[in-house]
Amino acid sequence: MRKGILTIAAVGLLTTGGLTACGDDSGDKAASAKTPKIGVILPDSKSSARWETADRRFLEEAFKAAGVQYDIQNAQNDKTAFQTIADQMITGGVTALMIVNLDSGTGKAVLDKAKSQGVATIDYDRLTLGGSAQYYVSFDNETVGKLQGEGLAKCLTEKGAKNPVVAYLNGSPTDNNATLFKAGYDSVLKPKFDAKEYVKGPEDAVPAWDNTQAATIFEQQLTKANGKIDGVLAANDGLGNAAISILKKNKLNGKVPVTGQDASTEGLQNILAGDQCMTVYKAVREEAKAASDLAIALAKGEKKDTGQTVKDGDRDVPSVLLTPKAIYKESVKDVIADGYVTKEEVCTAAYTKFCAEAGIS
């Protein structure tokens, strides 16, 4: 994981060192007296395929290996369902609750209720601002955005673009990670806008990371720009694919670099076909392992020292932040080699040729 000091937008400072992950003792004694059981609430299955295809799989593997009881459910982007699931899990006797919040307000309500009932808590992937989670496990999300900005700049240079117009498709405004991603790519692209090297094009946030809305939004952006968009900073592969679908309608796919994130099967295929510039791979297996290790410890009434904290307001949240990796056509094989997706999933009939060209055999 990454060491050092990093400024994080909307969160504060990430600090590393010998900090003991003490946090709040509430729930520890109660947990140790009960049979360990872990509850996990995933956010949806539409914004990104990773939640069901990767996170659920890797969390289940870790819990089964540890021999602990667990319950993993998906809120399907429904805030009421999210809270209902949490209530049922707390009533059902979970001793540790891990959530991927839909927004900080709903997340905070769930975390605070769990705390009041003596249930230990973890923010998984997304930090709940103003929340009370005892740990936060994610990736260095500002670095994710920086890799996206650097990737788009690299691809524009390779295209020989002069004063390119760059459009933004930002993530959900209720997701703190989207704020961090934007801070990261702004750190790369804003200086280019300021220097008149690039031209800032249309920019919109996509509510709830909804890919259907993203396609509509990007079509409106393209119309607004009179068809003159030379690069698209899309915050994840789903939004990137939405932009690509509109570029295809206008016979611009492959000509306009598009970024992504999550190394989804679809995103990797778009990269192999030349329609997407790059994606950011986050080794979810490592994230799930780090979170499950903490959850298992908390479920047993134990604590671990993470060696890192993220500042949320006046609170230092013990954290684990993992390092993301930029993926281009030549490194798609690395994602497959890591077991995140399979060759069979990526190299379907239409992509066999592209896989061979990328050294995937």
Side-chain angles (χ1 to χ4, degrees), residues 6-14 139-207 209 213-244 246-247 250 252-262 267 270-271 274-280 324-328:
L6 174 70
T7 301
I8 294 186
V11 178
L13 294 178
L14 159 66
F139 286 82
D140 184 338
N141 291 309
E142 195 164 342
T143 294
V144 170
K146 185 177 180 183
L147 292 175
Q148 292 174 316
E150 291 171 346
L152 186 59
K154 175 179 182 290
C155 294
L156 285 168
T157 297
E158 290 173 352
K159 294 282 186 186
K162 303 295 182 184
N163 301 115
V165 176
V166 175
Y168 278 14
L169 278 176
N170 301 322
S172 174
T174 61
D175 182 353
N176 184 61
N177 283 359
T179 302
L180 301 179
F181 302 148
K182 185 177 185 304
Y185 47 78
D186 270 344
S187 72
V188 176
L189 299 177
K190 189 175 184 300
K192 294 182 180 296
F193 297 141
D194 293 344
K196 311 297 183 184
E197 183 180 347
Y198 289 4
V199 177
K200 181 68 178 292
E203 175 179 3
D204 292 281
V206 179
W209 295 91
Q213 287 192 62
T216 300
I217 289 168
F218 182 69
E219 191 158 35
Q220 293 169 345
Q221 289 186 342
L222 194 61
T223 300
K224 180 179 179 181
N226 296 315
K228 174 61 175 172
I229 288 178
D230 303 297
V232 183
L233 196 302
N236 76 354
D237 288 345
L239 305 188
N241 188 65
I244 290 167
I246 302 304
L247 292 172
N250 291 273
L252 292 170
N253 59 303
K255 300 175 183 178
V256 178
V258 178
T259 65
Q261 174 188 177
D262 290 334
N270 282 336
I271 291 172
D275 291 334
Q276 185 168 322
C277 161
M278 57 82 71
T279 187
V280 178
K325 178 182 179 181
I327 299 295
Y328 299 89

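Treat the numbers as computed from the prediction; the structure is a model and nothing was measured. Computation of the quantities below employed the complete heavy-atom set of this structure, encompassing side-chain atoms and omitting hydrogens, waters and symmetry-equivalent molecules.
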Checklist entry - In this structure, which one of Thr174, Asn176, Asp175 forms a side-chain hydrogen bond (donor to acceptor under 3.5 Å, both in side chains) with Ser172? => result Thr174

Next on the checklist: Under a 4.0 Å threshold between the charged nitrogen and the carboxylate oxygen, would Lys182 count as salt-bridged to Glu203?
Outcome noted: yes

Item to check | CZ on Phe139 to CG on Leu180, rounded to 0.5 Å | outcome: 14.0 Å

Checklist entry - Taking atom OH of Tyr185 and atom CD of Gln148, what is their separation to the nearest 0.5 Å? => result 6.5 Å

Item to check | Atom pair CG/NZ of Asn250 and Lys255 - distance to nearest 0.5 Å | outcome: 10.5 Å

Item to check | Sidechain N-carboxylate O distance under 4.0 Å for Asp194, Lys192 | outcome: no

Checklist entry - Atom CG of Asp262 and atom CG of Asn236: how far apart are they, to the nearest 0.5 Å? => result 5.5 Å

Checklist entry - More than 12 foreign heavy atoms under 6.0 Å from NZ of Lys224: is that the case here? => result no

Item to check | Minimum heavy-atom distance Cys155-Pro257, with the two atoms named | outcome: CB-CB, 3.8 Å

Item to check | Residue that, paired with Val258, satisfies side-chain contact (heavy atoms from CB on, under 4.5 Å) out of Asp275, Leu239, Leu169, Leu247 | outcome: Leu247

Checklist entry - Which value, rounded to the nearest 0.5 Å, describes the distance between Ile246 atom CD1 and Glu219 atom CD? => result 4.0 Å

Next on the checklist: Run the side chain to side chain contact (heavy atoms under 4.5 Å, CB included) test on Ile229 and Gln221 for me, step by step, so that the C-alpha distance in whole Å, both residues' side-chain angles and the decisive distance to 0.1 Å come before the verdict.
Outcome noted: CA-CA 9 Å; Ile229 288 178; Gln221 289 186 342; 4.2 Å; yes

Checklist entry - So, the side chain of Asn141 versus the backbone of Val144: is there a donor-acceptor pair under 3.5 Å, distance only? => result no

Next on the checklist: Please identify which of these residues, Val165, Asp230, Leu156, meets the side-chain contact (heavy atoms from CB on, under 4.5 Å) condition with Tyr198.
Outcome noted: Leu156

Checklist entry - Going by distance alone, is a donor N or O of one side chain under 3.5 Å from an acceptor N or O of the other, for Asp204 and Asn170? => result no

Checklist entry - What is the minimum heavy-atom distance between Pro191 and Asp186, and which atoms define it? => result CD-O, 3.5 Å

Checklist entry - Just wondering, do Pro207 and Ile217 contact through their side chains at under 4.5 Å, heavy atoms? => result yes

Checklist entry - Should the pair Phe193 and Tyr168 be assigned to parallel (<30°), tilted (30 to 60°) or perpendicular (>60°) ring geometry? => result tilted

Checklist entry - Does a side-chain heavy-atom distance below 4.5 Å link Gln261 with Thr259? => result no

Next on the checklist: Contact between Val232 and Val166 at the side-chain level, heavy atoms closer than 4.5 Å - yes or no?
Outcome noted: no

Item to check | Between Asp237 and Gln276: side-chain donor-acceptor atoms closer than 3.5 Å | outcome: yes

Item to check | Between SG on residue Cys277 and CG on residue Asn270, distance to nearest 0.5 Å | outcome: 12.0 Å

Item to check | Note: Glu158-Lys154 ion pair, threshold 4.0 Å (strictly below) | outcome: yes

Checklist entry - Can you find a heavy atom in the side chain of Val280 that is under 4.5 Å from one in the side chain of Lys325? => result no

Item to check | Min side-chain heavy-atom separation Leu147-Pro324 under 4.5 Å | outcome: yes

